[in-house]
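All remarks here apply to the structure that follows.
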Amino acid sequence: MSPLSTLTPLTVKKSSPARNRLRGGARYAPTLATVGLFIAMFAVGAGMYPSFLSGQVFLNLFIDNTFLIVLAVGMTFVILTGGIDLSVGAVVALSMMVSATLLQQGWNPGAVIVLVLLIGGGLGLLMGLVIQYFDIQPFIVTLAGMFLARGLCYVISLDSIPVTEGFFTGMAQAQIPLPGDLFVSPGVLLALGIVTVAFFVLHHTRFGRTVYAIGGNEHSAMLMGLPVKATKILVYALSGLCSAIAGILFSFYSLSGYSLAAQGMELDAIAAVVIGGTLLTGGTGYVLGSVVGVLVLGIVQTFIAYDGTLSSWWTKIVIGGLLLVFILLQRLFARKAG
Amino acid sequence: MRMNEIVPVVEMTDIAIGFPGVKALDGVDFRLFQGEVHALMGENGAGKSTLIKALTGVYAIDSGTITVLGEPKRFSTPGESQAAGISTVYQEVNLCPNLTVEENVLLGREPRRRGSIDWKGVRTRTREVLAELQLDHIDPGSLLSTHSIAVQQLIAIARSVEINAKVLILDEPTSSLDADEVRQLFRVIRDLRNRRVAILFVSHFLEQVYEISDRMTVLRNGKLVGEYLTRDLSRMSLISKMIGKDMEALAELDQAPARTRASNGAGVTPFIEAKGLGRKGSVSNVDLSIYPGEVVGLAGLLGAGRTEIARLFFGADKADEGSIKIKGAGQRIRSPRTAIDKHIGFCSEDRKEEGLIGELTVRDNLVLVMQASKGWARRIPRRVQDELVAEYIEALDIRPANPDALIKNLSGGNQQKVLLARWLVTHPELLILDEPTRGIDIGAKTQIQKLVNKLAADGMSILFISSELEEVLRVSDRVAVIKDRALVAEINNDDVSVEDVMTVIAGGAQ
Amino acid sequence: MKSLLKHRLAWPVIALAALLLLNQVFKPDFMSLRMQDGHLYGSLIDIMRNGAPTILIALGMTLVIATRGIDLSVGAVVAIAGAASCAYIAASPEPGSPVTAATAVLIAVVAALALGVWNGFLVSTIGVQPIIATLVLMTAGRGVAQLITGGQIVSVSNDSYKSIGAGYLFTLPVSILITAAVFALAAVLTRRTALGTLIEAVGINPVASRLAGLRARNIIWIVYVFSAVCAAIAGLMISSNVTAADANNAGLYIEMDAILAVVIGGTSLAGGRYTLVGTVVGAFIIQTLTTTVYTLGIPPEVTLVFKALVVITVCLLQAPKARNLLSRLKAAPKPAAQEAAKEKVAI
Amino acid sequence: GGTAGAGSAAGNSGDDKITMGFAQVGAESGWRTANTKSVQDSAKKAGVDLKFSDAQQKQENQIKAIRSYIQQKVDVIAFSPVVESGWDTVLKEAKNAKIPVILTDRAVDSSDKTLYKTFLGSDFVEEGKKAGEWLVEQSKASEPVNIVEIQGTTGSAPANDRKEGFAEAIKADPDLKIVASQSGDFTRSGGKQVMEAFLKNNADIDVVFAHNDDEGLGAIEAIEAAGKVPGKDIKIITIDAVKDGMTALSNGKINYIVECSPMLGDQLMDLAKKVIAGESVPERVVTEETTFTQEQAKQVLASRPY
Ligand SMILES: Nc1ncnc2c1ncn2[C@@H]1O[C@H](COP(=O)(O)OP(=O)(O)OP(=O)(O)O)[C@@H](O)[C@H]1O
Ligand SMILES: Nc1ncnc2c1ncn2[C@@H]1O[C@H](COP(=O)(O)OP(=O)(O)OP(=O)(O)O)[C@@H](O)[C@H]1O
Ligand SMILES: [Mg+2]
Ligand SMILES: [Mg+2]
């Protein structure tokens, strides 16, 4: 068998790596396509409505969607593991309700925020534990979590409660000036900060890589000795925490607590994540993609607001249509790249 | 008991595990010592993988005790056993296809700097490990899913030796490796053995077992047959211990089935004839004909492109150059469906991802292709299904012989048999077998080789791919040699030796 | 008994029975049925009649989920079906005739076929993730329904049409009979033919299915079309039950109920093995839950909390792990002692 | 159509065509659609260039729409708040941009009354009260009256307020008792299902109070299916006065309807013109609304616009 020893290293060496790199690049295709299409949409908007082409319109996409960005971040973690969290919208509402009620009773805003974060994180943790230890599908558990959180809102109060506390109103009205007569809200910085942290966690920590591994193949991840259980539980806790933060951001944004607020927001968050290129089956996707997904949903809304001639039903049809055009183009580009 | 004075690293006593309907392990004792390579032997379904999973905490044991380094232990997750110094490569490749090679090698153990993964360090470390196994040609940054199952198996091994483990468990690590990779692996294993690592090794290749192991434990039907020193146990008696039959019955088993050459004289049209077949970025310019009743073997080294050729023939990947003629008429094979309609079958090498429908029963899996051909509206009558299933369970000795067992609960070798049967029931005219004997025990392997022989004698064309060159030579009439994703030579198999083929591969010319 | 409890449907059925019993305790005549104007009348009949649309949609959803998909658009299809048929009846010269009603039904079903084909096209041919593919129709479809009705509630008075959702035949509500028929059809279609197995195969391992020669596309197409048709029939029932089409609210959030029914019934959202009977039981659980809220007189503001608790209890009951835990708690002392003893021997 | 270009040209330029940005809640009910239509028709009639947006019941969408109106420099902004609280920030932005704001249909609970010019809409509490007062008036005899209430969407402002107003009014008569109360989500099927359950759980029900006509219409179906006569065996009171409701009222199936008119369009356009012209307007404009008995319904039925 002597010929072998001199021979093996020659065989595949040359061709394989280059092609693999090409293959690897395809991973980013859906997300890159999303970014490209977003830019294209912005350009189209600018062509159609003159006042569209302003930096502030772009920044408003962030200002008006801080909470959704944060929600999408949490949701990205969950979906990457192959799970889903339907409770986020209701937890946002609950966080708003709790903070509005407590602030009305004269609580210190710092304490309120801490408490809200604890409630959100705690609820997420609880759902994670149930999902993991009793092996119940995330869909059901988080749906029950949604009922529970929304139900607690009703129990707290059926009426909407205004927030008049100084810190919250200050945050609501603060504008951080940027060059060129532009501004953003403090919430935007917070949201972007969270995105950065999430990006770091996902790509530069073991926890983050375990999240991806679980999505790739949970059984394999378990056999590889990864802390699958703990990670899955944590992911839901994280999502709960993000929902609580989103709730506080929404409080800053709308200065009230209302039991029906953020209805259906879970679907927006999921849609943003999926539009951003994350696979619902888990394992592939990027948190930055999810942010762009939020912006895409936002820009669709902006289109509607700018148009101003659409009746209610045409609004829905146009939203659906834009979504369709978007995903079709995304598929097309992703396919070409892959 | 010459090792009595030394404490075993792992000692399992009186282990029992039952699954609904099967007693997978029944009062098994097992010991593993430092610095030995211990082979765990047994037929398909004997309980080898289950014993390993019991040790590493994948399955909870019903009764018995496990001691690791003198301490009683019961791991409840593989993570715990890994933390305790037991590194395992499970039978099926268990890696994450969505991550890169380097991540898979180091997942959960990435070097870190101030809490953040040191990606440079990851790359360096992966390169080192791969180099140790002489796998430098694998790009650490490539996605795992772009690699063939054999390469993935190597990466899994790389991952396991990366850990500084006291115990290394390898469950059929060599099932799709070719001779050279096996050699590299054994070099590393010996190296580890010299460093006093305890190694548990499972394989159905007796030569390999005899080459590397010091001791062996034989299981049969979930029960312990005995523990032996490798050098004290002859092959014949090992086999008889494994299958529980006496020597005479075995004699016949060991005989290589004789090929009766098919005639493909000038007047006969080949069943399939490929001209210049290729696909961008994959194999190119393949000219290959297979005549009715002929077995063509594909020989080549790991990653040479054998699987890719098979996939082109079957339409699993679409060819973008060249042409295919079937029975002399030009045809396009656009998808597996069209291939099957043209009476071509393909048994994939990747049984977990491309073969099994895990949550379905043996019966459903077995008749799947046949059913798909008939279309959903015409269900194969239950009676016919029963007959077919019974026939093949019997013919291939599938265990447990329960058509209603979920296929995911079968042992690896038995799963392979079901997948093979899936194609046999449809009586294709061309059957492409990619590593059909992967993970199959010797008894069944001979059976399958005989079966191939018989099918060809009945007029079927067969394209046979195996990493085991001897096996390719034993069953084929003609051997096509693949190198660097191109067909470099065709050799008529009269009295060619393994060495001859190797020379061709090495020289690249006829 | 033990093996009966092991059946995968045992626990959903027990949960349903428990809920019904709870009602019975609070209202002793809960289970009683009486004849009124020649048809059966009672809470149980109400549960079945009101649950019929959810059951129908959940049946379609089950098959979609079995292929690893999901159909969010069913609510919109409900709205479109109701809107289209009612708008047709309202605009026709003979708004009361059976022929008009039949044509209206036909229109709704044909529309549903088209919508199902559309979903199937996006999912199977274009390869869009099901949740997003159907989200398009979920959003736009309700708009289309509102476009048809002009956003107003379209009332119709057509006795034949009314009988779909509110009529009786052989003393039983027609909607129950229709649902039973669709269930039987689905069961026969999937179990008498090979469709069921092939759907499961595609859901469990799409790659392997393709290599086995399965025409996954057609199968995916079939399930989305089936789901849309089920939704359309449900839409007809809902609108006929109140003899009006409400494009804004008909079928709102019904996709959630349907998915919940499927999951409670024991089908996994990850695709693969499914159970139609389980789905029906799941849908009954959901409908009974609503009825229970009414029976117990739970105030609207705590209704959701109550539902959350029941749903989680039902799931825990079903989860083998939770049950193991329970039985282990009951039998705690023995194995623990045994284990301790054994460990001593081992050392 | 064709407003896109005009919109930006309008603004503060000398053009005398008024541009109004109107941010609607959504299209959750027939009532709401009629409201939208009224605003659109009136705008056309009054020569107002209307920029309309539908928020689909989401406050954040409404805020976005208002922001975009500010960006587009419309002359006046009108909107029906999804919820009462949480508008201060965006209203301040409008104020800073010197764009007057008119609220329709629902108030906001801001303490700063300078943030909007006026509020045009119905008083939901008052509606509930009117319903209750009629009932108190009707049931003079001192025998107990069992009332079941079919509420609107849990937590929504009209549901909260109508419930409150009704409860307050019937306090006047201790014989009136609400024996059951559930949410029917403002829909016919909701009303029907809830009523079915009520009928089975409560032996005698004398009165149904439904928070809108649709729920009432659903309840009628349930009552008929139970073999009773709506309007006779069981009295029905509803709110809204949409056409179907009025028809049922005139047919004797409903006993009393409190009007809640969606036809705010003309009043809104008047107010907008005044506000832009700098004239003073009252802080609160209550829509002209009335109540209908069965006889009254018969007379006006033919002339109901919606
Ligand atoms: N999860 C499971 N559920 C039910 N039965 C199982 C399960 N896992 C294994 N078995 C059964 O246990 C027996 C032993 O299987 P095991 O995988 O240990 O065999 P093996 O010796 O590794 O065989 P092979 O050489 O084919 O890999 C088989 O009969 C198998 O069907
Ligand atoms: N799409 C792809 N992109 C990059 N590399 C690929 C791709 N497909 C296959 N390869 C690589 O090409 C080589 C040839 O693959 P193939 O599976 O055909 O080899 P083989 O001859 O069957 O050998 P074995 O199965 O033993 O690895 C492998 O190294 C594989 O990793
Ligand atoms: Mg095994
Ligand atoms: Mg291969």
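A note on names: the letters A, B, ... follow the listed sequences, proteins ahead of strands, and every chain is numbered from 1.
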Let's test your reading of the structure: which of D/Gln40, D/Glu60, D/Glu84 forms the most heavy-atom pairs below 4.5 Å with chain A? D/Glu60
D/Trp87 ring center near D/Phe79 ring center (under 6.0 Å): yes
Could you tell me how the ring of A/Tyr253 sits relative to the ring of A/Phe250: parallel (under 30°), tilted (30 to 60°) or perpendicular (over 60°)? tilted
For chain D, find which of A/Gln173, A/Met265, A/Gln263 contributes the most heavy-atom pairs closer than 4.5 angstrom. A/Gln173
Looking at A/Leu255, A/Ile63, A/Thr164, A/Asp64, which makes the most heavy-atom pairs under 4.5 Å with chain D? A/Asp64
For D/Lys58, look at atom NZ and say whether over 12 heavy atoms of other residues, nucleotides or ligands are found less than 6.0 Å away. yes
Which atoms of D/Thr33 come close to chain A, meaning under 4.5 Å heavy atom to heavy atom: side chain ones, backbone ones, both, or neither? side chain
With D/Arg32 as partner, the option from D/Asp240, D/Asp105, D/Asp54, D/Asp214 fulfilling salt bridge (charged side-chain N to carboxylate O under 4.0 Å, His left out) is D/Asp105
Region of A/Leu68 that comes under 4.5 Å of a non-hydrogen atom in chain D: neither
Classify the ring geometry between D/Phe209 and D/Phe166 as parallel (under 30°), tilted (30 to 60°) or perpendicular (over 60°). parallel
Report which part of D/Asn61 has an atom under 4.5 Å of a heavy atom belonging to chain A: side chain, backbone, both, or neither. side chain
Is there a donor-acceptor contact under 3.5 Å from the side chain of D/Arg284 to the main chain of D/Gly121? yes
Within the distance-only criterion (no hydrogens, no angle test), does the side chain of D/Gln72 pair as donor or acceptor with the backbone N or O of D/Val74 below 3.5 angstrom? no
For D/Tyr69, is it the side chain, the backbone, both or neither that has a heavy atom under 4.5 Å from a heavy atom of chain A? side chain
So for atom CG, which belongs to D/Asn96, do other residues, nucleotides or ligands contribute more than 12 heavy atoms lying within a distance under 6.0 Å? yes
In terms of heavy-atom pairs under 4.5 Å with chain A, the winner among D/Thr89, D/Val90, D/Thr153 is D/Thr89
Which one, A/Leu260, A/Ile319, A/Thr315, leads in non-hydrogen pairs under 4.5 Å with chain D? A/Leu260
Measure distances from A/Trp313 to the heavy atoms of chain D and classify the residue's part below 4.5 Å as side chain, backbone, both or neither. side chain
Between D/Gly155, D/Ser68, D/Gly21, which has the largest tally of heavy atom pairs under 4.5 Å with chain A? D/Gly155
So what's closer than 4.5 Å to chain D heavy atoms on A/Thr169: side chain, backbone, both or neither? neither
With only heavy atoms counted, which part of D/Gln24 is less than 4.5 Å from chain A, the side chain, the backbone, both or neither? neither
For the backbone of D/Asn212 and the side chain of D/Trp31, can you confirm whether one donor and one acceptor N or O come within less than 3.5 Å of each other? no
Chain D contact via A/Asp159 - which portion, at a heavy-atom distance below 4.5 Å: both
In this structure, are over 12 heavy atoms from other groups packed under 6.0 Å from D/Lys98 atom NZ? no
For D/Gln56, is it the side chain, the backbone, both or neither that has a heavy atom under 4.5 Å from a heavy atom of chain A? side chain
Chain D contact via A/Ser160 - which portion, at a heavy-atom distance below 4.5 Å: both
Under 4.5 Å from a heavy atom of chain D, the part of A/Tyr154 involved: side chain
Going by the angle between their ring planes, with limits at 30° and 60°, are D/Phe186 and D/His211 parallel, tilted or perpendicular? tilted
